[in-house]
> 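My questions all concern the structure below.
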Amino acid sequence: MRDEELSAALLRWYDANARVMPWRVGPEARRSGQRPDPYGVWLSEVMLQQTTVAAVRDYFRRFTERWPTVGDLAAAEDGQVMAEWAGLGYYARARNLLKCARAVVSDHGGRFPETAAALRALPGVGPYTAAAIAAIAFDEPATVVDGNVERVVARLFAVETPLPAAKPELTAHAAALTPRTRPGDHAQAMMDLGATICTPRNPACGICPLVTACRARAAGIAARLPAKAPKPVKPTRRGTAFVGLRGDGAALLERRPDRGLLGGMLGWPGGEWSEAPLDPAPPAPGNWRRVGEVRHTFTHFHLVLEVQAARLAPDAAAGTGTFVPRDSFSPADLPTVMRKAHDIARGALEGDGADG
DNA sequence: CAATCGTGGGT
DNA sequence: TACCCAAGATT
């Protein structure tokens with residue numbers, strides 16, 4: 001099949017099989033002239049970076065209900081946005097989300113730029129996201145290359161070079177497939193195909209609209225493409241979290257620095273995380289006791305976090321961190337590893353018989 | 001270019 | 001259990 005025929009077959013498949021998502025305008029409505037809101041496209045694309053559709057749905061709904069426009073988001077307080085993002089991971093995305101919203105308001109009159117090149121200059125918008133927004137929201141025939149597209153074209157053209165070295169070659173193939181009409185639907189079709197048919201482990205080649213053109217399928221190597229470089233083993237780091245709760249419900253927390261792991265998020269005071277950490281000092285005077293440990297795995301290391309808990313006096317002085325009143329703090333505002341530490345500590349403190 | 005940066009679900 | 005993976009960006 002020629003590239004144009006592949007693209008046409010893919011779009012026919014998409015017209016009948018497009019997944020329904022809150023941020024998406026389906027192929028039928030799209031061809032009758034309806035376009036998705038660029039704000040929703042941008043927000044969903046950032047949330048979907050290295051993140052599953054299932055995990056994103058509720059976050060997208062909560063963000064758009066609370067901040068319906070990019071202007072609303074730009075005017076939000078940093079802590080409110082970080083709290084709303086808590087649990088979704090890769091927190092640099094949330095920091096850049098705010099920077100980007102504010103740049104759109106201050107530098108672009110509150111409207112998103114309409115070309116991939118201009119979008120690319122915004123914080124947190126890389127090659128993929130710029131192309132996706134330009135194609136989906138503005139009909140620019142930009143080349144959209146995410147993990148799904150990489151997998152689909154690696155198989156279609158039997159590219160055996162391992163990633164990430166294969167990226168330029170895969171991008172060239174993806175560019176050749178991108179049509180001048182319906183580029184947004186094409187991009188979403190490639191991703192839907194990768195997510196539902198051309199899957200990593202057991203691709204459903206029997207129902208694939210491109211099966212007759214697939215060189216990897218013909219060679220019997222589809223399931224092991226794309227090849228990837230082997231991954232390094234994860235070391236184990238250890239650390240301590242001091243979960244200090246006051247009788248009135250206030251929690252002794254600290255705001256983590258913007259740079260680095262969990263940057264910009266709230267967390268429990270504690271020492272460094274390393275393979276051989278020093279014993280950290282408690283953040284406030286109190287009857288601290290070990291109540292358990294959290295085992296949590298990050299992208300590049302395992303963490304064993306010892307949880308120390310104490311019910312602190314009403315007049316306790318915080319040496320590290322700040323008491324956040326019950327009214328303005330929920331465990332759901334914490335990154336997952338910190339929420340796990342809270343849950344263990346609260347269970348232990350409640351077991352003492354006092355109230356929460 | 002290689003390292004950094006989260007989390008939950010599937011196998 | 002341990003590993004893989006998911007609509008990547010930044011430095």
Side-chain angles (χ1 to χ4, degrees), chain A residues 19 21-24 36 40-60 82 85-97 99-100 119-137 142-152 163-165 167-168 171 174 184 186-196 198-202 223-224 226 228-237 256-265 267 273 294-303 332 334-340:
Chain A
R19 289 181 292 172
M21 298 175 195
W23 50 85
R24 184 180 270 191
V41 174
W42 163 73
L43 180 61
S44 66
E45 291 299 346
V46 173
M47 287 182 167
L48 286 162
Q49 290 166 9
Q50 298 292 289
T51 307
T52 58
V53 170
V56 164
R57 285 182 187 278
D58 286 347
Y59 282 88
F60 180 83
M82 300 311 290
W85 195 277
L88 198 54
Y90 284 152
Y91 298 100
R93 293 185 295 171
R95 302 194 301 273
N96 285 328
L97 194 79
K99 284 186 195 169
C100 182
L119 288 160
R120 179 67 183 79
L122 293 168
V125 178
Y128 162 77
T129 304
I133 298 171
I136 295 169
T143 304
V144 175
V145 185
D146 75 328
N148 290 303
V149 176
E150 288 177 349
R151 188 168 57 253
V152 169
L163 284 167
K167 178 97 178 180
T171 299
H186 170 81
Q188 293 174 99
M190 291 286 282
M191 294 190 281
D192 278 15
L193 187 73
T196 63
C198 196
T199 52
R201 296 268 196 351
N202 299 308
R224 63 177 181 81
K228 294 188 177 179
K231 305 194 173 168
V233 294
K234 292 174 163 68
T236 297
R237 299 182 189 170
R256 298 172 65 89
D258 272 347
R259 301 266 177 161
L261 192 72
L262 309 179
M265 300 300 290
W273 295 350
V294 172
R295 290 175 178 272
H296 191 81
T297 298
F298 292 98
T299 306
H300 55 291
F301 66 93
H302 302 291
L303 176 68
L334 302 176
T336 299
V337 64
M338 298 295 179
R339 182 183 52 73
K340 288 179 179 175

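Sequence lines set the chain letters: A, B, ... in the order given, protein chains first and strands last, and positions in each chain run from 1. What's counted below: heavy atoms across the whole structure, side chains too, no hydrogens, waters or symmetry copies.
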> What does A:Trp85 touch in the nucleic acid at a heavy-atom separation under 4.0 angstrom: a base, only the sugar-phosphate, or nothing?
nothing
> Base, sugar-phosphate, or nothing: which does A:Gly194 touch, judged by heavy atoms less than 4.0 Å apart?
nothing
> If you take the centroid of each ring, where Trp contributes its six-membered ring, are A:Phe298 and A:His296 closer together than 6.0 Å?
yes
> Consider the side chain of A:Asp146, meaning its heavy atoms from C-beta on, and name the nucleotide among B:dG6, B:dT4, C:dG8 that approaches it most closely.
C:dG8
> Of the candidate nucleotides C:dG8, B:dT4, B:dT7, which contains the atom at the shortest distance from the side chain of A:Tyr90?
C:dG8
> Show me, pair by pair, the donor-acceptor contacts under 3.5 angstrom made by side chains of residues 120-131 of chain A, not counting sequence neighbours?
residue  : atom : partner  : partner atom : Å
A:Arg120 : NH1  : A:Val125 : O            : 3.2
A:Tyr128 : OH   : A:Glu45  : OE1          : 2.6
A:Thr129 : OG1  : A:Gln49  : NE2          : 3.0

> Of all the nucleotides listed (C:dA9, C:dT10, B:dG8), which has the minimum atom distance to the side chain of A:Arg339?
B:dG8
> Could you tell me whether A:Met265 contacts a base, only the sugar-phosphate backbone, or nothing, with contacts defined as non-hydrogen atoms closer than 4.0 Å?
nothing
> Between A:Val145 and A:Lys167, is any pair of side-chain heavy atoms under 4.5 Å apart?
yes
> In whole angstrom, give the distance that lies between atom CG of A:Leu261 and atom C1' of C:dT10.
15 Å
> What are the two closest heavy atoms between A:Tyr59 and A:Ala86, and how far apart are they?
OH-O, 2.7 Å
> Have a look at A:Leu262 and say if it touches a base, only the backbone sugar-phosphate, or nothing, with a 4.0 Å heavy-atom cut-off.
sugar-phosphate
> Looking only at N and O atoms, is any donor in the side chain of A:Thr51 or the base of B:dG6 less than 3.5 Å from an acceptor on the other one?
yes
> Below 4.5 Å, heavy atoms only, C-beta onward: do A:Met21 and A:Gln188 meet side chain to side chain?
no
> Mapping A:Thr52 and A:His300 onto DNA chain B by nearest heavy atom, which one lands closer to the 5' end?
A:His300
> Out of B:dT7, C:dC5, B:dG6, which nucleotide sits closest to the side chain of A:Arg93?
B:dG6
> Students often get this wrong, so: under 4.0 angstrom with heavy atoms, is A:Gly263 touching a base, only sugar-phosphate, or nothing?
nothing
> To the nearest Å, how far apart are A:Arg201 CZ and B:dG9 P?
16 Å
> Classify A:Arg95 by what it touches in the nucleic acid, base, sugar-phosphate, or nothing, heavy-atom distance under 4.0 Å.
nothing
> Calculate the interatomic distance between A:Asp258 atom CG and C:dA9 atom P; express it in whole Å.
20 Å
> Taking the nucleotide of DNA chain B with the nearest heavy atom to each, does A:Gln50 or A:Pro232 sit closer to the 5' end?
A:Pro232
> Please list residues of residues 122-129 of chain A whose heavy atoms come under 4.0 Å from any atom in DNA chain B, ordered by number; otherwise none.
none
> Within the 4.5 Å heavy-atom criterion, are A:Val337 and A:Leu262 side-chain neighbours or not?
yes
> Please state whether the base of B:dG6 and the side chain of A:Thr299 form at least one donor-acceptor pair under 3.5 Å?
yes
> How far does the P atom of C:dA9 sit from the matching atom of B:dG8, given to the nearest Å?
22 Å
> Looking at every strand, decide which applies to A:Arg24 at a 4.0 Å heavy-atom threshold: base, sugar-phosphate, or nothing.
base
> I want to confirm an ordering. Mapping A:Asn96 and A:Lys231 to their closest nucleotides on DNA chain C, which one lands closer to the 5' end?
A:Lys231
> Answer yes or no: is there a side-chain heavy-atom contact under 4.5 Å between A:Gln50 and A:Thr299?
no
> Taking all heavy atoms of A:Met191 and all of A:Arg19, pick out the closest pair and write down the distance.
O-NH2, 3.9 Å
